[in-house]
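Here the structure comes first, spelled out in structure tokens, and everything after it is commentary.
Naming: A, B, ... by sequence-line order, numbering from 1 per chain.
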Protein chains: 2
Amino acid sequence: MQTYSATNGIRQTVPAAVAMRGAAALSRQESPKRLSGTRIVLARGDELFAENDDADFFYKVLSGTIRTYKLLSDGRRQIDAFHLAGDIFGLEPGATHRFSAEAVERCEVIAFRRCGFTTLAADDPALGDQLMSSMMVNLERAHDHMLLLGRKTAQEKIATFLLDMARRVSSSDSFELPMQRSDIADHLGLTIETVSRTLTQLAKDGIIKLASASRSVVLCDKAALQRLNA
Amino acid sequence: MQTYSATNGIRQTVPAAVAMRGAAALSRQESPKRLSGTRIVLARGDELFAENDDADFFYKVLSGTIRTYKLLSDGRRQIDAFHLAGDIFGLEPGATHRFSAEAVERCEVIAFRRCGFTTLAADDPALGDQLMSSMMVNLERAHDHMLLLGRKTAQEKIATFLLDMARRVSSSDSFELPMQRSDIADHLGLTIETVSRTLTQLAKDGIIKLASASRSVVLCDKAALQRLNA
DNA sequence: CGTATTGTTGATTGCAATCAATGAGAGTGG
DNA sequence: CCACTCTCATTGATTGCAATCAACAATACG
């Protein structure tokens, strides 16, 4: 069952409009010859799938940002990754998803029906390679992130995060963070207060600049950040 | 270049015997028809590969325990996984390994030469599925572990770890831990002192029993551990 | 313009890290 | 066989980083 987290924290059924949009796109675009996906548009906060949903599809981001996360029974959340344009996620070894996925901001994604991998690879070898490669990239990012979560200080976590986001969302050292402080906190294993304090401190030190809106960041001293990153 | 960590912490070239054994096995076992690997035997502490080594091979554990880990420049270590019999690891998106691998105890592994994935899958579809599946399992474990590292307390981390090890190394609730406290600490993002204290406390609470050698563990109250795990 | 949401800042607490010392085995050589 | 050493583990005292508690500011939104 598709659900999303409403702002009040209560889980509700996805608006019918979202489900319909998906279904319409499916019938319109599906082709027998080549693996093609269903285009889905998500608004900020919409849920794509939840933990324990059937994993009949996996996804590729066209635009926007998706967060995938797991929850503990008392509500503590760990965002294991932010998926940006081009990223593939949601491929599972079992029949159900082991984490949830939501739109951080307005997103377009393509849903691919999951099928036997070899059949798929035989049908389209390039896609097979791409999928395998994407799994390996996701795993590599997970390894890096485990090092961050297990062994880095708050300052080091923020420095790593900023460098990583700069590399992924922008060609320059100036960019807009797509997510809010609570998302950053739950990704880095911190609280929102610590995220805020640490960013403020880096700004005071002249290492970064924060705009008044505080979603836009300029990396003034990348070398200093990289020193915190090692 | 293959190296291993000597007990004094200085990295040395692998004993010629190990390298030779591998080479001999390779020429003896390699067959053009079916993908076959090189059997390698590792002693406790031997290094299989290091970060930035060429990733020409990936590995499957036959027996024993392998730890894969990353280091920060100042020596802080994060063990991202322990690999037990049947586990596959070391497959990389790039040309080099992004983490190191060492034997926690005496190990037998098979090294498979890495080659284009589709060629491989076309050659042996079952193996292709197995590889993809193993990547997905590794990624799933990584997700679970990120939740642990980012959001669980010391007690919860230990509880999760014990339940996981029990499931993987033993059919019963009584088993031997293959690794020492420092390995557990670097896997869970704790110090050895905290690992020790937490295990002692669980024993005092009657939830587990530790033998004098303190490597052997009995889970007396699995339900209590599972409560800490959720 | 008022309200809800998101972000910042300050005071204090608490969990796990650090510092320090001791204990328990395993292996070695006299 | 028994000191001796070395590694690994435990336990205690104290510190410190980030969490928690609390209040307020800024921004977005209907």
Side-chain angles (χ1 to χ4, degrees), chain A residues 5-10 43-45 72 74-78 104-106 148-159 161 176-204 208-217 228, chain B residues 5-9 43-45 72 74-78 104-105 148-159 161 176-204 208-217 228:
Chain A
S5 289
T7 49
N8 56 11
I10 298 170
R44 191 180 117 108
L72 291 173
D74 65 358
R76 278 173 287 172
R77 182 177 69 157
Q78 178 63 43
V104 169
E105 57 183 340
R106 194 192 133 82
L148 177 147
L149 290 171
R151 290 298 180 213
K152 291 189 182 180
T153 65
Q155 207 181 28
E156 291 166 342
K157 287 175 177 182
I158 294 287
F161 175 72
E176 203 77 14
L177 289 171
M179 74 292 288
Q180 59 190 41
R181 297 291 186 265
S182 62
D183 288 327
I184 299 175
D186 286 349
H187 184 48
L188 303 181
L190 299 170
T191 59
I192 54 172
E193 292 95 331
T194 298
V195 170
S196 179
R197 273 186 249 274
T198 307
L199 285 171
T200 302
Q201 189 56 50
L202 287 174
K204 276 180 185 164
I208 65 172
K209 262 211 274 289
L210 297 170
S212 59
S214 80
R215 286 285 186 94
S216 78
V217 181
L228 287 173
Chain B
S5 289
T7 49
N8 57 10
R44 191 180 116 107
L72 290 174
D74 65 357
R76 279 173 288 172
R77 182 177 67 157
Q78 178 64 42
V104 169
E105 57 183 340
L148 177 148
L149 290 171
R151 289 299 181 211
K152 290 189 182 181
T153 65
Q155 206 181 30
E156 291 166 341
K157 286 176 176 181
I158 294 287
F161 175 71
E176 204 77 13
L177 289 170
M179 74 293 288
Q180 58 191 41
R181 297 291 186 265
S182 62
D183 288 327
I184 300 174
D186 285 350
H187 184 49
L188 302 182
L190 299 170
T191 59
I192 54 171
E193 294 94 331
T194 299
V195 171
S196 179
R197 274 186 249 272
T198 307
L199 285 171
T200 302
Q201 190 55 50
L202 288 174
K204 276 180 185 163
I208 64 172
K209 261 210 275 289
L210 297 170
S212 59
S214 79
R215 287 286 186 95
S216 77
V217 181
L228 287 172

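Within the 4.0 Å cut-off from OP1 or OP2 of D:dA9, at least one side-chain nitrogen or oxygen of B:R215 is found. Taking side-chain N and O atoms only, A:T194 has no distance below 4.0 Å to OP1 or OP2 of D:dA18. Contact check, A:T200 against C:dT9: a side-chain N or O comes under 4.0 Å of OP1 or OP2.
Atom CD of A:Q180 and atom P of C:dT6 are 5 Å apart (whole Å). As a whole-Å value, the separation of A:E176 CD from D:dT27 C1' is 14 Å. In this structure, CG of B:D183 is placed 13 Å from C1' of D:dA9, rounded to the nearest angstrom. In this structure, CG of A:L188 is placed 15 Å from C1' of D:dA19, rounded to the nearest angstrom. Here C:dT6 presents its P atom at 13 Å from CD1 of A:I184, a figure rounded to the nearest Å. Distance, A:L210 CG to D:dA26 P: 15 Å, rounded to whole Å. Between the CD atom of B:Q201 and the P atom of D:dT11 there is a distance of 10 Å, given to the nearest Å. The nearest whole Å value for the distance from the CG atom in B:L149 to the P atom in C:dC15 is 20 Å.
The residue A:T191 sits close to a base: some heavy atom pair falls under 4.0 Å.
A donor-acceptor contact under 3.5 Å is not formed by the side chain of B:Q155 with the base of C:dC15. Side-chain atoms of B:R197 and base atoms of C:dT18 include a donor and an acceptor less than 3.5 Å apart. Counting distance only, with no hydrogens placed and no angle test, the side-chain atoms of B:R44 and the base atoms of D:dT7 include no donor-acceptor pair under 3.5 Å.
Each of A:K152 and B:S196 lies near DNA chain D, and the nucleotide nearest B:S196 is the one positioned closer to the 5' end. In terms of position on DNA chain C, the residue among A:R151 and A:R181 whose nearest nucleotide sits closer to the 5' end is A:R181.
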**Asked** So B:F161 and B:L199, side-chain contact (heavy atoms from CB on, under 4.5 Å) or not? Walk me through it.
**Response** CA-CA 11 Å; B:F161 175 71; B:L199 285 171; over 6 Å; no
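Counting heavy atoms from C-beta on, the side chains of A:D183 and A:R77 come closer than 4.5 Å.
Checking B:Q180 against B:S182 by side-chain atom types alone, a donor-acceptor pair falls below 3.5 Å.
Between A:Q78 and B:R151, the shortest heavy-atom contact is OE1-CG, 3.7 Å.
You'll find that the side chain of B:S214 is closest to D:dT10, out of C:dA17, C:dT8, D:dT10. The side chain of A:L190 approaches D:dA18 more closely than any other nucleotide in the set D:dA18, D:dA22, C:dA20.
Of the options A:V195, A:I208, A:L228, a side-chain contact (heavy atoms from CB on, under 4.5 Å) to A:I158 is made by A:V195 and by none of the others.
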